[in-house]
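Chain identifiers are assigned alphabetically (A, B, ...) following the order of the sequence lines, protein sequences preceding nucleic acid strands; residue numbering begins at 1 within each chain.
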Number of protein chains: 2
Amino acid sequence: MTVTLRDVADLAGVSFKTVSNVINNHPHVAADTRAKVESAIERLGYRPNRSARSLRSGRTGAIGLAVPELSLAYFAELADAVITVAEERETVVLIEQTGGDPRRELEALHGARRQMTDGLLFSPLGLGNEDAGVLAVDFPLVLLGERIFDGPVDHVTMENVDAARAATEHLLAGGRRRIAVIGAHEGEVIGSAGLRLSGYRSAIEAAGIPYDDALVVDAGPWHRRNGAEAMRRLLDRGVSFDAVFALNDELALGALRVLREREFRVPEQVAIIGFDDVDEAQYSLPSLTTVDPGRREIARLAVDLLLERIQGADTRPPQQIRSHFGIVARESTDPLA
Amino acid sequence: MTVTLRDVADLAGVSFKTVSNVINNHPHVAADTRAKVESAIERLGYRPNRSARSLRSGRTGAIGLAVPELSLAYFAELADAVITVAEERETVVLIEQTGGDPRRELEALHGARRQMTDGLLFSPLGLGNEDAGVLAVDFPLVLLGERIFDGPVDHVTMENVDAARAATEHLLAGGRRRIAVIGAHEGEVIGSAGLRLSGYRSAIEAAGIPYDDALVVDAGPWHRRNGAEAMRRLLDRGVSFDAVFALNDELALGALRVLREREFRVPEQVAIIGFDDVDEAQYSLPSLTTVDPGRREIARLAVDLLLERIQGADTRPPQQIRSHFGIVARESTDPLA
DNA sequence: TCATGGGGTTACAACGTTGCTAGTCTGACC
DNA sequence: GGTCAGACTAGCAACGTTGTAACCCCATGA
């Protein structure tokens, strides 16, 4: 039924161990032996059995990716990028959705699925810096996102503060002075919300504009519906503003929807900028200016770092790596005439 | 280092095979033996080794999901649903992206990754009905989508024709008479495009409206950008229309963007309906009427069918299963006053 | 009393691979 | 000519699990 090393060996007239040597590119295999074996492999359509290989070697050739949920465009596009990079490295990706629930995030770290992978790319949402201890695990782990910074592990993240500052400066450069923020998380210091908010704050204060609480709206999860709802709350407060910095694109698109519903002209009356550069941002009306946080770069850096740790080649202390960001200017922030 | 059956057996004072029997719920294990073994398992934190189990039993406990790309919201949301259902069945999902490329789709069917899974959920895009033969594989396979209907395999799909007819009727009921179609694929008979177009056609003809080629616009891949571009082509043709049926939501959102750019009032001058009910459809402006094709139902049916085939419990001939659809009426098709 | 049967448990042999070790052979060197 | 290094190949023993078949023992019925 299934073709094994032994079958190949019989056909090639060598021992099955020699076939194994050929497959694993051992040195000291004579060229003609290698040729014989390879043609036998070809003839029989031999494929190494991954379970047997894993059992013996302790490697699975797979990595895990734990994210909140694929329905969020950012994570879907991140997963896309991770899978694509991993494929180039002959590695498969096993996706787990945690829903941002701390309990399920812990399970992603310690659950039974870990056995099926050699390491994990972990993007927590429910766990925070106070949980950094749980990251002390005995398998290769690369942390993504901005929920935890004090963990004893490699961490690939984006330049949240600098990028948020740049986003805010982009609005300021367009002549805006009263810039609202959508998507804050009350009291959060680190975490995407806290970091981006602090970037915002440093930009406006550098421009001599005082920070105004009334312009900052909390939102729960960063879905469109929460962006819409937050914008409604902001409008209902009756404060005036001429720009909005939504802390991610989904929030921005939800907020944009409400702005236009209430017949604000965007960008003439209100400019809006998002964060993430999801594909969709190009196709809203107006198209959405946003921050490209370097998603593909993050995927590449994270996968490569994880694979190096798995191979044991990399024995450096835990790394903190940041991707490069850029402002993608589109219609939603066209400067005032 | 790792805890094995033997360690548990030693602690419990039984043979390692008895431990195996306990774990696999074999009948004929005395209650007190079971208790002893279970407490030993607990004490040592024993976890069965999946590679060893796979090697011996031939089962991996994983299924594959091959889709064009996760960046397309429909597939991201489908993957979300599949992973969620599979998790409830203690099964992990291994996602492969084919990019809709026939070569990579074939690889998904025959490639090395198949070894890591017990079966495959396969949503082709590049392969068509003429390739049905390649689906004759020796592992459990459940086909998704509407590219291939003549395959010798289980197939879970949506009611494309009926749903498209209902979508068109929804527009007709709103008083629209000149309904354009965006996203056709020239000459396609089956496939989502072909089927949905034929549903459209049967609806308008039943309403006594002749089919007009000038109203039907081709588009390549169903991305926003193609929807936008197709809408531009349609407008450039100079034909008049009072409604648009976009064959999926992404096309609809791209088209909507162009309509509003060109200052059409939606839905007053032009109504638009999509297909898929992606999350985003609720947050566009105007919100997008669409067809809910029963994505969660598809995921559940497909996973359960695949798992039954894997267990060998299901020996029926290949099944054709269809999910239930519904029209989700939103602002973009508000009826004419 | 002895065969019978079945509950409960166990020994043994795989599953297909790789790490380690040991071997054989050739050619070069002193 | 003998020794030795190095190139090349092979044998054995795991890795941790499950299927098969066998075992023991006690209760039952003849």
Solution key, residues 38-52 of chain A side-chain donor-acceptor pairs under 3.5 Å, sequence neighbours excluded:
unit_1: A/Ser39; atom_1: OG; unit_2: A/Lys36; atom_2: O; d: 3.3
unit_1: A/Arg47; atom_1: NH1; unit_2: B/His110; atom_2: O; d: 3.4
unit_1: A/Arg47; atom_1: NH2; unit_2: B/His110; atom_2: O; d: 3.2
unit_1: A/Asn49; atom_1: OD1; unit_2: A/Ser51; atom_2: N; d: 2.7
unit_1: A/Asn49; atom_1: OD1; unit_2: A/Ala52; atom_2: N; d: 2.8
unit_1: A/Arg50; atom_1: NH2; unit_2: A/Thr60; atom_2: O; d: 3.2

Member of B/Arg113, B/Gln115, B/Arg114 meeting the side chain to side chain donor-acceptor pair (under 3.5 Å) criterion with B/Thr117: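 Considering B/Arg113, B/Gln115, B/Arg114, a side chain to side chain donor-acceptor pair (under 3.5 Å) with B/Thr117 is found only for B/Arg114.
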Residues touching DNA chain D, which here means a heavy atom under 4.0 Å, drawn from residues 42-57 of chain A: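 Output list: A/Leu55, A/Arg56.
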Contact list for DNA chain D against residues 13-24 of chain B - heavy-atom distance below 4.0 Å: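 By residue number: B/Phe16, B/Lys17, B/Ser20, B/Asn24.
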Indicate yes or no: at least one non-hydrogen side-chain atom of [X] is less than 4.5 angstrom from one of [Y].
X	Y	value
A/Asp150	A/Ile190	no
A/Leu127	A/Ile148	yes
A/Leu135	A/Pro152	yes
B/Val142	B/Val153	no

Difference in axis direction between the ends of the helix from C/dT1-D/dA30 to C/dC30-D/dG1, five pairs, 10°: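 The two end axes of the helix from C/dT1-D/dA30 to C/dC30-D/dG1 meet at 60°.
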No-hydrogen, no-angle side-chain donor-acceptor test under 3.5 Å, A/His155 and A/Gln319: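 Result is no, nothing qualifies.
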Side chains of B/Glu159 and B/His324, donor plus acceptor under 3.5 Å: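 No, because no side-chain N or O of B/Glu159 sits under 3.5 Å from a partner of the opposite role on B/His324.
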Along DNA chain C, first and last positions that approach a heavy atom of chain B under 4.0 Å: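 The contacted stretch runs from C/dG7 to C/dG16.
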Could you list the donor-acceptor pairs under 3.5 angstrom formed between side-chain atoms of residues 73-86 of chain B and any protein atom two or more places apart in sequence or on another chain?
unit_1: B/Glu77; atom_1: OE1; unit_2: B/Arg295; atom_2: NH2; d: 2.8
unit_1: B/Glu77; atom_1: OE2; unit_2: B/Asp279; atom_2: N; d: 3.1
unit_1: B/Asp80; atom_1: OD1; unit_2: A/Gln97; atom_2: NE2; d: 3.1
unit_1: B/Asp80; atom_1: OD1; unit_2: B/Thr84; atom_2: OG1; d: 3.3
unit_1: B/Asp80; atom_1: OD2; unit_2: A/Ser71; atom_2: OG; d: 2.6
unit_1: B/Thr84; atom_1: OG1; unit_2: B/Asp80; atom_2: O; d: 2.8

SB check A/Arg89 A/Asp304 (cutoff 4.0 Å):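 The answer is yes: the pair qualifies as a salt bridge.
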Residue A/Arg104 excluded, over 12 heavy atoms near CZ under 6.0 Å: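 Yes, the 6.0 Å shell around CZ holds more than 12 heavy atoms from other groups.
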A/Leu5 CG to D/dA10 P, straight-line distance once rounded to whole Å: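 For the pair A/Leu5 CG and D/dA10 P, the rounded distance is 13 Å.
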Least distance between heavy atoms, A/Leu141 atom then A/Phe122 atom: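 What the structure gives for the nearest pair is CD1-CB, 3.7 Å.
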